[in-house]
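Everything numeric in this text was worked out from a predicted model, so none of it was measured.
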Amino acid sequence: MRFLKITAIDHQIGRLAFPALGALIAEPLFLIADSAMVGHLGAAELGGVALAAAVLQTVIGLMIFLAYSTTPLVARRVGAGNLRGAVSAGVDGLWLAVVIGLVVATLSAVFAQPVISLFTPTPAVAETASTYLTVSLFGIPAMLLVYAATGLLRGLQNTVTPLWVSGIGFAVNIGLNYVFIYVFGWGVAGSALGTVLVQWGMVAVYLIVVHQLVKETRVSWRPHLPGIIAGATIGGWLFVRTLSLRAAMLTTVFVATHLGTSELASFHVSFTLFSTAAFALDSIAIAAQALVGKTLGEQDIGLTRRMVNRCVYWGIVCGGALTLLFAALSPVLGYVFSTDAAVLAILPPSILVMSLGLSLGGYVWVLDGVLMGAADARYLAFTGVLNLAAYLPLAGAIYVWPPGGAAGVVWLTAAFMIGYIAARAVTLGLRVRGTRWLEIGNRITGTG
């Protein structure tokens, strides 16, 4: 019964997790708002934005390490009582984001057209995708700066400011896009421009916040090479970890495409629901990341262990609640997404199987955040590759011997959302049960 009692640690987790949840939900709403408004322009315009967004999401998603690498560097110093060093690490993270943002934007501009052509779209869709992507590239450095600034604030145990910035940014984005698309008649280009302007507006707000921190702690805005190297070291390993996740996702979508059109549509719905649940549960992982970094900086191993136990508890509880919710709604939830009889026949068992992976997913995402907070990025990278290697035979078997209809989607859903997640649960769980991860970050962050 002691696990049911709300503790002081639970209050700390909730103080960080609830605002983080709001910010996480606000981020994908940028794309949803774009899609909803562009959809009224025509099928080619919507298809072009969907294609361009897939490319952008892949590029930006791989750069999420800028937030995840900055948070432990900052949090460790906060825990050690070195606020000046914490802010300095955050400033170095911003400089790293600037450099990477410019490089990524330049490379994306060079390879944008060849990448679009790989999808073999119709000429109308290709033209729309090219227009949207060309304008959106100007926002890539801004998004990476937002990631780095968010990582700084999370490390300072502040998830409220990112919530406000994301929420207000989303509201402004809707207004600007409406004006640019419909009032000015700029169409898809206007949609992309509105989002880019909002992204740079968010950067401006974050720079004001960081500048105030710089003044209060008397930190220099100049970049420090050791700090940038530390961020790049953690970030490089986290990039490999994220790359393995993306590879598993893309492999799954590739296999789903091979199963058939109705099967692909059904799997897309289940995967979208799974991703939405992951966003929600990731808020606990973010709290774990920030709190673990701080307690390790305080050299309080006992508190760190208790913090991890409570975060894991809430991850499993919330994942279990989502399992019950999606399982109960599985017979009817498909009607929200489709009216196609073939798709609706496949969706109930697919959603039901998907829901079974959410409790395990809550455990996995929390432990992922724990090891990020401990700066154990190298282990996450290596085991990410191992987990992918364990999953590929499962996906490959379904590709080579594809079951027909609902059975194919159910088996693929089980392979990814239960099998792949289980592999991650084993590798992450074994690490956290040991002690190596409790010490690994001291060498990188300069604490301890």
Side-chain angles (χ1 to χ4, degrees), residues 27-28 30-31 34 47-70 91-121 123 125-151 188-189 191-203 206-207 223 225 227-251 253-254 377 380-381 384-385 388:
E27 288 178 14
F30 274 94
L31 179 58
D34 276 357
V49 169
L51 177 54
V55 176
L56 280 172
Q57 283 183 315
T58 299
V59 172
I60 296 297
L62 289 173
M63 299 297 118
I64 191 67
F65 70 80
L66 287 165
Y68 292 160
S69 63
T70 303
V91 170
D92 290 337
L94 292 174
W95 280 108
L96 181 61
V98 169
V99 173
I100 294 177
L102 292 175
V103 171
V104 170
T106 301
L107 291 176
S108 298
V110 172
F111 293 104
Q113 296 303 325
V115 169
I116 290 174
S117 65
L118 288 176
F119 292 87
T120 61
V125 170
E127 181 181 358
T128 301
S130 177
T131 299
Y132 189 88
L133 192 57
T134 299
V135 177
S136 296
L137 293 179
F138 290 96
I140 288 180
M143 284 306 300
L144 302 196
L145 279 166
V146 167
Y147 280 160
T150 301
V188 168
S191 173
L193 178 61
T195 301
V196 168
L197 291 176
V198 168
Q199 289 165 344
W200 281 107
M202 293 168 67
V203 169
Y206 275 125
L207 289 179
L225 186 59
I228 292 176
I229 291 175
T233 299
I234 299 175
W237 290 117
L238 290 178
F239 177 84
V240 175
R241 168 255 180 204
T242 305
L243 193 62
S244 69
L245 288 174
R246 292 283 172 178
M249 293 176 187
L250 290 174
T251 298
V253 173
F254 176 78
L380 290 173
V385 175
L388 176 63

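- In this structure, L238 CG and R241 CZ are separated by 7.0 Å, a value rounded to the nearest 0.5 Å.
- Taking each heavy atom of V146 and Y206 in turn, the nearest pair found is CG1-CE1, 3.9 Å.
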Checklist entry - When you look at L380 and W237, which way does the side chain to side chain contact (heavy atoms under 4.5 Å, CB included) test go after all the steps? => result CA-CA 7 Å; L380 290 173; W237 290 117; over 6 Å; no

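- Closest approach of Q199 to G139, counting heavy atoms only: OE1-CA, 3.3 Å.
- Closest approach of L388 to A247, counting heavy atoms only: CD2-CB, 3.8 Å.
- Closest approach of F138 and W200 over heavy atoms only: O-NE1, 2.9 Å.
- Interatomic distance, L137 CG to Y132 OH, rounded to the nearest 0.5 Å: 11.0 Å.
- The shortest distance between side-chain heavy atoms of Y147 and T70 does not fall below 4.5 Å.
- A side-chain contact (heavy atoms from CB on, under 4.5 Å) with L145 holds for exactly one of V203, L207, I140; it is V203.
- A distance of 11.0 Å separates OG in S136 from CE in M143, rounded to the nearest 0.5 Å.
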Only pairs under 3.5 Å count here: list side-chain donor-acceptor contacts from residues 92-102, not counting sequence neighbours, and write none if there are none.
from: D92; atom 1: OD1; to: H224; atom 2: N; distance (Å): 3.0
from: D92; atom 1: OD1; to: H224; atom 2: ND1; distance (Å): 3.4
from: W95; atom 1: NE1; to: W221; atom 2: O; distance (Å): 2.6

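- Annotation for V135 and A189: closest pair CG1-O, 4.2 Å, computed over non-hydrogen atoms.
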